[in-house]
Amino acid sequence: MRDSDSVNDFVIRFANVNGTGSASANGLFAKAIFRSGVPVSPKNIFPSNIQGLPTWYEVRVNEKGYLGRRDGIDLLVGVNPQSLRDDIKSVVQGGYFVYDSSKKLHDEYLREDINMLGIPMMRLSMDNYEVPRHQQLFKNIIYLGAVVALLDIDTKIVKTLIEEQFATKPKLVPPNFKALDIGYQYAKDHFECPLPFRVEKRDLIGDKILVDGNSATALGAIYGGSTMMAWYPITPSTSVASSFEKYGKKLLVDKKTGQKKYAFIQAEDELAAIGMVIGASWNGTRSFTSTSGAGISLMSEFIGLAYFAEIPVFLVNVQRGGPSTGMPTRTQQGDIMFCAYASHGDTKHPLLLPSTPTECFEMSALGLDLADRLQTPVFLMSDLDLGMNDHLTKPMTWDKDRKYDRGKVLTAEDLEKPDLDWGRYLDIDGDGIPYRTIPGTHPSKGGYFTRGTSRDEYAKYTEKGEVYQRNVDRLTVKWNTTKDIVPKPEFYQLENKGSHGIIFFGTTSYAAIEAMDLFKDENLVIDAMRLKSFPFGEEVLSFIREHKAVYVIEQNKDAQMRSLLINELQINPSKLISVLNYNGYPITSNNIVSQISEQLSTHHLVNAN
């Protein structure tokens, strides 16, 4: 049930028709909360078609800083007849449902346990605007104005945002102001404002910014030295490419000549895209591609080539619901196992697991370094929620003195050394990583034939079993080296205190952190570890060993991270207990608490018997 009174703690959902211009109005609401100094977390829930189907924009406001999705809608603005029945059902008892009363709402939709607030949005818009398209667009601003009044949001903040949004089209500012005022005044005249839950200005944002993970990923790639991107459109990763192009035009263009210093190529398909990236990377250019699970499926053979030929490749996987086309506009962490072992044969690939846009930025740059240093494909494992939704995050910073880690690359001077015994796949340092050359380094030395077939340490073709075995054993040594190079896990306690622990990663972090506090309120001590990469180091194994049971929180049906932990660390499967969510929506803290509490109750019952 909705609490009778609260400040800066509620969930609002806007239920719209896709393609009606509502995204602009809804985005203004989230930004207004942000400008009010209150933590906010918006989620865009949209269909996979272009126009016509239901779309929702859900915003959690929480001054304690809990940014994970929360169960239950306190205030729903419903302007889509298609989803009206389900929208009304989603409102918590005692909550509020704002609807367009231009037409009478049928009795079957009425609920006595919630507050129904009718506003004749379309009629008000038609009375004030003549052009039909304008009537639809300004209807959205009218309901925004009403919500501003109901929640006691400062109208000056909203109007400033409108001015900023239409800075290049100033003629649109007055009619938007007018629509905002119409909705605001109607709510003031007809309802008790503000509602029992409302917005109060705070100073809780600090220097944090509101940005989506895909934009941060693209920016990180540019700062990380990438000057080439090849890609093919696929939801939800396309905005990585569009952001790379947008930032490339600002950051990778010669200021004097206007000449572009980057290549941006939309390929004919995913297979062509990864082929271009492999070719560019082999030639010494920092390159990457972005895609989703379906694209990785098509790229898998080329990924195997890059692994075996030891060519640096950086791939961004913005995960969505699968398999096949699945739910292309819903979030999931369903490609963990697939990317860890992508391609046929014995392959293993480093995975980076960001949980915030800032980490998307940092790990994007790091991924390019790791690909060069390890001479192998490296995956950044984002997801739709992180990639396409705005998140409150720390500012992205860059050390101007930072040097790119190109790994073991021989120079022309190195190749001239008389005592040099160089083989492309010869391990002379004991870390499994050979030295490589970049084409054109020397006019006559350092050349070799790159192949996906078996070869010896000097890149010469061979089918001798013992030579093949030596090569793949060296790759295992390189894999063990990788464990000490990738980011370490994050722990939420100085030392382990409880007998139970939780493991989470990526966007499950938001809900998991809140769940930890909910457990504290119940005086239940649960230690926590956030995975930031694969392969797993000794720290991960130690954490699991030190607990009686460990709950692995993830967003897929098959418990892929749990399986990866069991397979790689040889953990007793009974020790790792799955906490799963795979309905396409971000997991909630209540869901986590419920699943773990049920397991704890079952455990106590078994012990009692």
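These numbers come from a predicted model, not from an experiment.
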Rounded to the nearest 0.5 angstrom, the CG-CG distance for L380 and L386 is 8.5 Å

How far apart are the closest heavy atoms of I234 and A294, and which atoms are they?
CD1-CB, 4.0 Å

Audit row: F29, F34, ring-ring contact (aromatic ring centres under 6.0 Å, His included) steps and yes/no:
CA-CA 9 Å; F29 173 82; F34 176 78; over 10 Å; no

Any salt bridge linking D9 with K64? Criterion: basic side-chain nitrogen under 4.0 Å from a carboxylate oxygen.
no

Is a side-chain donor-acceptor pair under 3.5 Å present for N556 with E554?
yes

Quick one: does S41's side chain have a donor or acceptor within less than 3.5 Å of a partner on L67's backbone?
yes

Is K532 paired with E362 through a side-chain N to carboxylate O contact shorter than 4.0 Å?
no

What orientation do H391 and Y510 show, parallel under 30°, tilted 30 to 60°, or perpendicular over 60°?
parallel

Does the separation of the ring centres of F46 and Y57 fall below 6.0 angstrom?
no

Heavy atoms of other groups near K31 NZ, more than 12 under 6.0 Å
no

What pairs of residues pass the salt bridge (Lys or Arg N to Asp or Glu O under 4.0 Å) test when at least one of them lies in residues 10-26, not counting sequence neighbours?
R13-E58

Does D399 pair with K403 as a salt bridge, N-O distance under 4.0 Å?
no

Take the angle between the ring planes of H547 and F543 and call it parallel below 30°, perpendicular above 60°, tilted in between.
tilted

Any donor-acceptor N/O pair, D390 side chain to L210 backbone, under 3.5 Å:
no

Please confirm whether the backbone N or O of I336 pairs with a side-chain atom of Q560, one donor and one acceptor, at under 3.5 Å?
yes

May I ask you to decide if T217's main-chain N or O and S364's side chain share a donor-acceptor pair within less than 3.5 Å?
yes

Output, in order, the C-alpha distance, side-chain angles, deciding distance and verdict of side chain to side chain contact (heavy atoms under 4.5 Å, CB included) for R70 and T588.
CA-CA 5 Å; R70 198 205 75 187; T588 66; 5.7 Å; no

Test side chain to side chain contact (heavy atoms under 4.5 Å, CB included) applied to L180 and I182, step by step:
CA-CA 5 Å; L180 187 76; I182 291 170; over 6 Å; no

Distance-only side-chain donor-acceptor flag, N26 / Y143, under 3.5 Å:
yes

Please assess Y96 against F197 for the test ring-ring contact (aromatic ring centres under 6.0 Å, His included), listing each intermediate value before the final yes or no.
CA-CA 10 Å; Y96 291 78; F197 53 95; 5.7 Å; yes

Please walk me through it: do Y66 and R60 pass side chain to side chain contact (heavy atoms under 4.5 Å, CB included)?
CA-CA 9 Å; Y66 296 133; R60 183 177 185 185; 3.8 Å; yes

Would you say the side-chain atoms of D87 and W56 include a donor-acceptor pair closer than 3.5 Å?
yes

So does G21 get a backbone contact from the side chain of S24, meaning a donor-acceptor N/O pair under 3.5 Å?
no

Enumerate donor-acceptor pairs with a distance under 3.5 Å from any side-chain N or O in residues 240-253 to protein atoms, sequence neighbours excluded.
| residue | atom | partner | partner atom | Å |
| --- | --- | --- | --- | --- |
| S242 | OG | S239 | O | 3.2 |
| S243 | OG | S215 | OG | 3.4 |
| S243 | OG | S239 | O | 2.7 |

Distance alone, cut at 3.5 Å: any donor-acceptor contact between the side chains of N80 and N16?
no

Heavy-atom side-chain contact between I33 and V199 under 4.5 Å
yes

Run the numbers on L370 and D405 for side chain to side chain contact (heavy atoms under 4.5 Å, CB included), then give the verdict.
CA-CA 8 Å; L370 290 175; D405 186 350; over 6 Å; no

Residues Y186, Y184; criterion ring-ring contact (aromatic ring centres under 6.0 Å, His included); working and verdict:
CA-CA 6 Å; Y186 188 92; Y184 183 89; over 10 Å; no

Where is the tightest heavy-atom contact between L368 and A221, given as atom of each residue plus distance?
CD1-O, 3.5 Å

Less than 6.0 angstrom from the centroid, inside 45 degrees of the normal: does K159 satisfy that with respect to the ring of F177?
yes

Should R402 and D369 count as an ion pair when the cut-off is N to O under 4.0 Å?
yes

Please determine if D383 and R320 form a salt bridge, counting it only when a charged side-chain N lies under 4.0 Å from a carboxylate O.
no

Kindly say whether G224 contributes a backbone atom to a donor-acceptor pair with the side chain of R286 at under 3.5 angstrom?
yes

Backbone N or O of K497 within a donor-acceptor pair of the D527 side chain at under 3.5 Å?
yes

Donor-acceptor pair between T358 and T393 side chains, under 3.5 angstrom:
yes

Looking at R198 and D5, does any basic side-chain N land under 4.0 Å from a carboxylate oxygen?
yes

